[in-house]
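Report on the following structure.
These values consider heavy atoms only, across backbone and side chains, with no hydrogens, waters or symmetry-generated copies. Source: prediction; values computed, not measured. Chain naming here is simple, since letters A, B, ... match the order of the sequence lines and numbering starts at 1 in each.
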Amino acid sequence: MPELPEVETIMRSLAPNLVEKIIEKVIIRETRLRWPVDLNLPSYLEGQTVQQISRRSKYLLVSTLNGHLLIHLGMSGNLRILPQNTPVKKHDHVDIHLSSQQILRYHDTRRFGCILWTTQAPDQHVLLRELGQEPLTPELTGDYWYQRARSRKLAVKNYIMDNHIVVGIGNIYANEALFLAGIHPNRAAQQLTLADYQRLLICVRRVLNTAIAMGGTTLRDFTDGTGKEGYFKNELQIYGREGEKCTQCGKIIKHMQIGQRSSYYCPHCQAE
DNA sequence: AAAAGGACCTGGTGGC
DNA sequence: TGCCACCAGGTCCTTT
């Protein structure tokens with residue numbers, strides 16, 4: 001479900017409902033997520049006040065004075081702020097009861113997500129410390145992306161989805177950004193010029209920022225923390241549009257598998 | 001070191 | 001209606 005814009009959207013919608021609230025109770029119904037949920041979570045969290053919620057890559061960090069909850073939504077995870085008496089549905093794995101009489105509920109059909117507790121600085125955590133740069137911060141430059149691509153023969157689409165280099169770009173937005181930049185997704189990463197990477201970075205930022213402004217992309221079931229859908233689906237130029245006409249040139253959009261992921265491109269606007 | 005493929009899960013869809 | 005193959009917004013791990 002969530003790429004960077006969706007996680008950012010959820011974070012923003014949760015912030016006013018979480019920050020400065022006291023965690024009164026934690027209920028774990030299912031521990032079998034990507035990594036087991038620590039059954040001591042209630043003892044770590046109950047009585048604590050949420051200081052802030054932030055995002056690193058596609059992880060959400062819920063911080064108290066004692067430590068941080070690292071939450072990843074995997075492919076199908078979601079977080080919702082709900083009234084306390086909301087009936088439990090299948091795959092509602094964890095509830096965090098708040099002093100506001102609301103609950104923060106973690107739901108994840110496929111259980112690829114995780115909820116972990118750490119008392120380390122989040123950046124030092126094993127899951128975060130090897131992560132690459134945030135795409136929306138000014139520290140990232142097209143030159144960095146270009147330099148790291150030297151001697152990389154993999155498809156540029158896989159390269160820009162590599163979290164060790166730049167985080168947050170998943171399958172949908174990789175497709176969209178490459179289309180905007182006019183770059184064929186299957187070109188070797190090392191083949192692109194510095195100017196290509198500079199242009200690509202601008203396109204990545206434009207796509208991500210626009211998607212955030214529209215509340216993310218709801219393909220089937222994504223919503224923010226309050227249940228609102230995202231409207232960037234209406235703006236998708238290339239993802240999922242195999243057989244349709246390119247919005248730029250009218251040629252028929254093609255589809256191919258790259259690294260086992262669905263890839264879409266315009267054979268005219270994104271020449272090999 | 002880099003690339004490719006499998007693994008982890010459930011559910012929806014479309015074909016027969 | 002049922003069964004089956006295939007697909008899905010992520011990312012870690014093993015093998016080549």
Checklist entry - Charged N to carboxylate O under 4.0 angstrom, A:Asp95 versus A:Lys25? => result no

Item to check | ring centroid sep under 5.5 Å plus plane angle under 30, A:Phe112 with C:dT11 | outcome: no

Item to check | Proximity to the side chain of A:Leu154 - top-ranked nucleotide from C:dG10, C:dA8, B:dA3 | outcome: B:dA3

Next on the checklist: Does A:Asp221 reach a base, just sugar-phosphate, or nothing at all? Heavy atoms under 4.0 Å.
Outcome noted: base

Checklist entry - Counting side-chain heavy atoms from C-beta on, which of B:dG12, C:dG10, C:dC12 comes nearest to A:Leu127? => result C:dC12

Next on the checklist: Side chains of A:Tyr173 and A:Thr217 only: does a donor on one sit below 3.5 Å from an acceptor on the other?
Outcome noted: yes

Next on the checklist: By nearest atom, which of the nucleotides B:dT10, C:dA8, C:dT11 is closest to the A:Arg261 side chain?
Outcome noted: C:dT11

Item to check | Quiz item: cation-pi between A:Arg241 and A:Tyr239, 6.0 Å / 45° | outcome: no

Item to check | Rounded interatomic separation in angstrom, taking CG from A:Asn163 and C1' from C:dC12 | outcome: 11 Å

Item to check | Given C:dG10, C:dA8, B:dG11, the nucleotide with the shortest approach to the side chain of A:Met161 | outcome: C:dG10

Checklist entry - Base, sugar-phosphate, or nothing for A:Lys233, non-hydrogen atoms under 4.0 angstrom? => result nothing

Checklist entry - Any side-chain donor paired with an acceptor under 3.5 Å for A:Tyr265 and A:Glu272? => result no

Next on the checklist: Rounded to whole Å, how long is the line connecting atom NZ of A:Lys89 with atom P of B:dT10?
Outcome noted: 18 Å

Checklist entry - Using purine N1 to pyrimidine N3 plus N6-O4 or O6-N4 for Watson-Crick, or N1-O2 and O6-N3 for G-U wobble, both under 3.5 Å, which nucleotide pairs with C:dG9? => result none

